[in-house]
Q: 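To start, I am sharing the structure in question, which I have written as structure tokens.
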Amino acid sequence: MTIVRHEPFPDIARQREADRLGMAVFLASEAMLFGAVVMGLLALRSFEPASFAATSQRLNLVAGSVNTAVLLTSSLLVAIGAEARACDRQRLARWALGCAALLGLVFLAIKGSEYVQEYGEGLMPGAGPKQDFATPGARMFMDGYFVATALHALHVTIGVAMLAGCAWRLRGDDAPSTVAVENIGLYWHLVDIVWVFLFPVLYLSR
Amino acid sequence: MRIGRLVLTWIALLVLLALTIASSFLPIGDWSQLINFVIAAAKAALILWIFMKMREETALVRLAAITSAVLLLVLGGMLAADYELRSPSPYVLTDASSVASRI
């Protein structure tokens, strides 16, 4: 593992801690953003428990469950990729990060197919051939669902781009540093944690 | 390289996922919501501790990472206290008939 010290840090350990602290603060702000969305959904559930549960059951549970497994698996690959980069095994790191980016694309494809399904069933607020909301609470649930999942999908898209870029640069001499790979990995793991909380709130509130 | 621990964590995460889906089908009412939340917290803890390597970080970095979780719990606690303990204010007239009777 080769980490180059740069100014103004007196030693590698301090430099590494500073790198990691900056990333942790950024990720904490991301967690607060998604935390507010999740709490909005929980508040809606306490107002409208019946509508919330009934609309939750209309979501595609199989697609949501498969997507959770896909994200967890991609997180494993990212963790392996970061470990491989730290051990200077570029080839393994490249494959692991590339496959993780592919799994991110699979996640987005499944999410997109769910959106198409909801569009057809009249569950997309303000769009589609019909609107099929039994109660105002059902409509609000789907509003929250699209806000939460679209914001998450945006983060997945950014993560896929960064993972793919990392895998690409690991081909040649201009390989990203261990710190860069680890920080991109941290971002991806946070996106995974956000989904770990969104999944039960949206899909399992039956 | 130590990949064994990562693979074991991944298996544990998938087992927890299966448990949380299974618990939502049990006829135990709102308890399944609590179980879901506890399992989600356990999954997040595994990802933080092993995948995100918080077990190897310094206290400063761990503190920065845990701050958002603590703040979210405080925020959620206040949100719950607000909505659950709220009572109708005697100074706000919401019932149309009571307004009519006073006029």
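For the numbers below, each heavy atom of this structure counts, side chains included, while hydrogens, waters and symmetry mates do not. Chain identifiers are assigned alphabetically (A, B, ...) following the order of the sequence lines, protein sequences preceding nucleic acid strands; residue numbering begins at 1 within each chain.
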Q: State the CG-CZ distance between N36(B) and F199(A), to the nearest 0.5 angstrom.
A: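 Rounded to the nearest 0.5 Å, the CG-CZ separation comes to 8.5 Å.
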Q: More than 12 heavy atoms of other residues, nucleotides or ligands under 6.0 Å from CE of M140(A): is that the case?
A: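 Check fails, neighbour count at 12 or below.
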Q: Do L72(A) and I47(B) pass the side chain to side chain contact (heavy atoms under 4.5 Å, CB included) test, and can you show the C-alpha distance, the side-chain angles, and the key distance before you say yes or no?
A: CA-CA 9 Å; L72(A) 290 174; I47(B) 295 173; 4.2 Å; yes
Q: Does atom CG (L33(A)) have a neighbourhood of more than 12 heavy atoms from anything else shown, all under 6.0 Å?
A: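 Result for CG/L33(A): enclosed.
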Q: A side-chain contact here means heavy atoms from C-beta on lying under 4.5 Å apart; do F25(B) and L204(A) qualify?
A: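 Not in contact.
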Q: Report the distance from atom CG of L48(B) to atom CG of L186(A), rounding to the nearest 0.5 Å.
A: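 One finds 9.5 Å between CG of L48(B) and CG of L186(A).
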Q: Between L92(A) and chain B, with a heavy-atom cut-off of 4.5 Å, which part of the residue counts as in contact: side chain, backbone, both or neither?
A: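 Interface part for L92(A): side chain.
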Q: Nearest 0.5 Å, please: how far is CZ in F197(A) from CZ in F37(B)?
A: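 If we round to the nearest 0.5 Å, F37(B):CZ and F197(A):CZ are 5.0 Å apart.
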Q: Which one wins on heavy-atom pair count under 4.5 Å against chain A: L14(B), L13(B), L71(B), L17(B)?
A: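 So the answer, after comparing L14(B), L13(B), L71(B), L17(B), is L17(B).
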Q: Does any heavy atom of chain B fall under 4.5 Å from the side chain of S29(A), the backbone, both, or neither of them?
A: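 For S29(A), no heavy atom lies under 4.5 Å from chain B.
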Q: With respect to T58(B), which candidate in E17(A), R20(A), R14(A), R16(A) satisfies the side chain to side chain donor-acceptor pair (under 3.5 Å) definition?
A: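 That would be E17(A); it is the only one of E17(A), R20(A), R14(A), R16(A) passing the side chain to side chain donor-acceptor pair (under 3.5 Å) with T58(B).
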Q: Would you say CZ of R89(A) has more than 12 non-hydrogen atoms from neighbouring residues, nucleotides or ligands within 6.0 angstrom?
A: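 Count not over threshold, so no.
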Q: At their closest point, which heavy atom of V196(A) faces which heavy atom of A40(B), and how far apart are they?
A: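 Smallest heavy-atom distance, with atoms named: CG1-O, 3.5 Å.
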Q: For chain A, which residues from residues 3-12 of chain B lie under 4.5 Å away (heavy-atom distances)?
A: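 Against chain A, the residues of residues 3-12 of chain B that fall inside the cut-off (heavy atoms, under 4.5 Å) are I3(B), L6(B), V7(B), W10(B).
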Q: Using every non-hydrogen atom in the two residues, find where S68(B) and A31(A) come nearest and quote the distance to one decimal.
A: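 Scanning both residues completely, I find the closest heavy atoms to be OG-CB, 3.8 Å.
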Q: Using non-hydrogen atoms only, which part of L27(A) is less than 4.5 Å away from chain B: side chain, backbone, both, or neither?
A: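 Answer is side chain: those atoms of L27(A) sit under 4.5 Å from chain B.
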Q: Just checking W31(B): does its CH2 atom have more than 12 heavy atoms from other residues, nucleotides or ligands closer to it than 6.0 angstrom?
A: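 No, not enclosed.
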Q: Starting at CG of L21(A), measure out to CG of L60(B) and round the result to the nearest 0.5 Å.
A: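 If we round to the nearest 0.5 Å, L21(A):CG and L60(B):CG are 4.5 Å apart.
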Q: Between I50(B), L79(B), I21(B), which shows the greatest number of heavy-atom pairs under 4.5 Å with chain A?
A: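 Heavy-atom pair counts peak at I21(B).
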Q: Heavy-atom cut-off 4.5 Å, strictly under: side chain, backbone, both or neither for T67(B) against chain A?
A: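 No part of T67(B) comes within 4.5 Å of chain A.
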Q: Measure A84(A) against the heavy atoms of chain B and call it side chain, backbone, both or neither at under 4.5 Å.
A: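 For A84(A), backbone and side chain are both near chain B.
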Q: Chain B: which of S46(A), A43(A), S205(A), A36(A) shares the most heavy-atom pairs with it under 4.5 Å?
A: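 Most heavy-atom pairs within the cutoff with chain B belong to S205(A).
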Q: Can you measure from CE (M52(B)) to CE (M23(A)) and round to the nearest 0.5 angstrom?
A: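 Going from the CE atom of M52(B) to the CE atom of M23(A) covers 8.0 Å.
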Q: Would you say CG of D30(B) has more than 12 non-hydrogen atoms from neighbouring residues, nucleotides or ligands within 6.0 angstrom?
A: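 Atom CG in D30(B) is not crowded, with 12 or fewer foreign heavy atoms closer than 6.0 Å.
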Q: Atom CD1 of I193(A) and atom CZ of F51(B): how far apart are they, to the nearest 0.5 Å?
A: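 I193(A) atom CD1 to F51(B) atom CZ measures 10.5 Å (nearest 0.5 Å).
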Q: Looking only at heavy atoms and a cut-off of under 4.5 Å, which of A65(B), G76(B), A44(B), S24(B) has the most pairs with chain A?
A: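 The residue among A65(B), G76(B), A44(B), S24(B) with the greatest pair count is S24(B).
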